[in-house]
Amino acid sequence: MAGVSAASAAGKIGSFLSKRPYAPPSWASHLSPAPSQTFSLGHFPTPIHKWNLPNLPNGTEVWIKRDDISGMQLSGNKVRKLEFLMADAVAQGADCVITVGGIQSNHCRATAVAAKYLNLDCYLILRTSKLLVDKDPGLVGNLLVERLVGAHIDLVSKEEYGKIGSVALADLLKKKLLEEGRKPYVIPVGGSNSLGTWGYIEAIREIEHQIQISGDVQFDDIVHAFSVCDDPGYFHSYVQDLIDGLHSDLRSHDLVNIENAKGLGYAMNTAEELKFVKDIATATGIVLDPVYSGKAAYGMLKDMGANPTKWKGRKILFVHTGGLLGLYDKVDELSSLSGSWRRMDLEESVPRKDGTDRESTLLQTNCACQL
């Protein structure tokens, strides 16, 4: 089913969580292997609207693609890949899935939810600090959702992860589950393999269709490729591996310009970066996550300020990839930046308005009924 017709059928009762046949867009029909089916796990198309950011270069417009509201418990862009990966898992007869990520991994949380939607068990290998690897990981942010939906969590230290690697860790758990008679399906870190790539091939078809039906908006640049761990060279190589896996002769350097926005490191933030997230939320109502979109938007606006002529007069589409729950892991750092509060000042002489006594009686009655 083509992306456009799939989008138009999204409102049909029973279409959500359904499996459907898949046909690539014409411009991607030469890529292989191409998936034959997909699950409907997200709410697509996600909207595009103008983002009224402050202090933009002259004539620059920024629009935002809201993959942060793709559904599935705030799973952001991760659900796009999972629509294809979970379809493959079910087709292969899996009864559980395994994946790997950081302790606040958006992908792991999305996988846990998707698995339960499809009646599969989920096993998560989560990377944490050496000081916390033997302790209960708690219920903060993504961990709360993962544990609520019953995901099985195995913790490893960052040192163990670096020494063994994600592939070997997943294979070790897969071997144990096979010995127990289970049928596990391994999803790589971030769902990032050639099959998962079809999720964003579909996203481009979706954007194309949104531009076509709008008629009066054309974009010069799509902004999303800021590296928040490792470095641009690593990610160019990673992207090239994904391209090669689809048997394409394209080169990653011809497709995307990757900028460094790692800062202090993966999932680590400076006070300035967190203040930026808060200021953007206050100014525009858009809440960015601290790990991905927050750093990407910070890097984009910083470059606009340093090189305004580079951006002058351009129409930019910024892809908000989600990750809101990651902010809950930054509560202590954000507390000094958050909005103020106060107790309402009520003068004793303030007269009661009509209906106040009735409202008080109803409140007391409701409280009594709940006892």
Side-chain angles (χ1 to χ4, degrees), residues 14 16-22 33-42 72-73 75 78-128 132-139 142-199 242 245:
F16 185 58
L17 302 185
S18 64
K19 184 166 63 176
R20 60 179 187 262
Y22 177 74
S36 60
Q37 56 191 9
T38 179
F39 268 107
S40 175
L41 299 176
M72 210 175 72
Q73 278 72 41
S75 289
K78 309 301 183 182
V79 65
R80 291 190 181 274
K81 305 174 190 178
L82 288 169
E83 289 197 324
F84 292 91
L85 293 164
M86 299 303 286
D88 191 46
V90 171
Q92 293 192 28
D95 62 8
C96 58
V97 295
I98 300 168
T99 197
V100 188
I103 193 67
Q104 283 294 334
S105 167
N106 299 314
H107 161 71
C108 287
R109 182 246 305 144
T111 302
V113 174
K116 283 301 175 180
Y117 277 166
L118 302 177
N119 201 29
L120 303 175
D121 286 334
C122 181
Y123 291 82
L124 304 177
I125 301 172
L126 301 182
R127 180 184 67 249
T128 189
L132 299 175
V133 73
D134 294 311
K135 299 179 180 179
D136 188 315
L139 297 171
N142 289 307
L143 283 163
L144 174 60
V145 177
E146 290 161 359
R147 298 181 79 174
L148 281 175
V149 299
H152 304 272
I153 295 176
D154 286 291
L155 299 179
V156 296
S157 69
K158 294 177 181 177
E159 291 77 11
E160 291 167 333
Y161 183 92
K163 181 180 179 181
I164 301 171
S166 63
V167 175
L169 286 168
D171 286 344
L172 178 62
L173 182 52
K174 179 181 178 179
K175 181 181 178 182
K176 291 179 180 178
L177 291 171
L178 286 170
E179 291 171 352
E180 296 172 5
R182 304 300 301 271
K183 299 175 181 178
Y185 179 92
V186 175
I187 296 174
V189 174
S192 297
N193 60 11
S194 295
L195 179 59
T197 300
W198 286 95
L242 296 176

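Both backbone and side-chain heavy atoms feed into the values below; hydrogens, waters and symmetry mates do not.
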Exercise for review: Look at the side chain of S40 and the backbone N and O of S18, then say whether any donor-acceptor pair between them is shorter than 3.5 Å.
Suggested key: no
**Study point:** N119, CG: over 12 other non-hydrogen atoms inside 6.0 angstrom
**Key:** no
Practice item. Measure the shortest side-chain to side-chain distance between C96 and Y185 over non-hydrogen atoms and say whether it is less than 4.5 angstrom. Key: no
Point to revise | side chain to side chain donor-acceptor pair (under 3.5 Å) between Q92 and D88, intermediate numbers included | key: CA-CA 6 Å; Q92 293 192 28; D88 191 46; 3.1 Å; yes
Review point. If you look at every heavy atom in L132 and L155, which pair is closest and at what distance?
Key: O-CD1, 4.3 Å
Review point. Under the criterion side chain to side chain contact (heavy atoms under 4.5 Å, CB included), which of L143, L144, N142 is the partner of R109?
Key: N142
Exercise for review: Using the ring-ring contact (aromatic ring centres under 6.0 Å, His included) rule, take F84 and Y22 through it: C-alpha gap first, then chi angles, then the decisive distance, then the call.
Suggested key: CA-CA 9 Å; F84 292 91; Y22 177 74; 5.0 Å; yes
Review point. Is there side-chain contact between T38 and M86, with at least one heavy-atom pair below 4.5 Å?
Key: no
Review point. For D154 and Y123, what are the C-alpha separation, side-chain angles and deciding distance, and is it a side chain to side chain donor-acceptor pair (under 3.5 Å)?
Key: CA-CA 8 Å; D154 286 291; Y123 291 82; over 6 Å; no
Practice item. Evaluate the side-chain proximity of I187 to H107: yes if any heavy-atom separation is below 4.5 Å, no if none is. Key: yes
Exercise for review: Could you walk me through whether V186 and T99 pass side-chain contact (heavy atoms from CB on, under 4.5 Å), step by step?
Suggested key: CA-CA 6 Å; V186 175; T99 197; over 6 Å; no
Point to revise | Spacing of OG1 belonging to T128 relative to CD1 belonging to I153, to within rounding of 0.5 Å | key: 11.0 Å
Revision key, fill the gap. CG (D171) and NZ (K176) are apart, to the nearest 0.5 Å, by 12.5 Å
Revision key, fill the gap. To the nearest 0.5 Å, atom CG of L85 lies from atom OG1 of T111 at 8.0 Å
Exercise for review: Identify the heavy atoms of K81 and G190 that sit nearest to each other, and give their distance.
Suggested key: NZ-O, 3.0 Å
Check your understanding: Just by distance, do the side chain of S192 and the backbone of P188 share a donor-acceptor pair under 3.5 Å?
Key -> no
Revision key, fill the gap. Heavy-atom closest pair (P35 atom, L195 atom, distance to 0.1 Å) is CB-CD1, 3.9 Å
Practice item. Give, for atom CZ of R127 and atom OG of S105, the distance between the pair rounded to the nearest 0.5 Å. Key: 8.5 Å
Review point. Heavy atoms, side chains only, cut-off 4.5 Å: are C122 and H152 in contact?
Key: no
Practice item. Say whether, by atom type as modelled, one donor and one acceptor occur between the side chain of R147 and the main chain of G138 under 3.5 angstrom. Key: yes
Revision key, fill the gap. On a heavy-atom basis, the closest approach of A112 and L124 is CB-CD1, 4.4 Å
Review point. Looking at P33 and W198, what are the two nearest heavy atoms and their distance?
Key: O-NE1, 3.3 Å
Review point. Is any side-chain heavy atom of L126 less than 4.5 Å from a side-chain heavy atom of E146?
Key: yes
Revision key, fill the gap. Scanning both residues in full, the closest heavy-atom pair of V156 with V133 reads C-CG2, 3.5 Å
Review point. Rounded to the nearest 0.5 Å, how far apart are CZ of R20 and CZ of F39?
Key: 10.5 Å
Check your understanding: Using 4.0 Å as the upper bound for N to carboxylate O, is an ion pair formed by D121 and K183?
Key -> no
Exercise for review: May I ask you to check whether over 12 heavy atoms, not counting those of K116, lie within 6.0 Å of atom NZ?
Suggested key: yes
Exercise for review: Indicate yes or no for a side-chain donor-acceptor contact from E83 to the backbone of G42 under 3.5 Å, with no hydrogens or angles considered.
Suggested key: yes
**Study point:** Distance, nearest 0.5 Å, that separates CG of L177 from CG of L172
**Key:** 10.0 Å
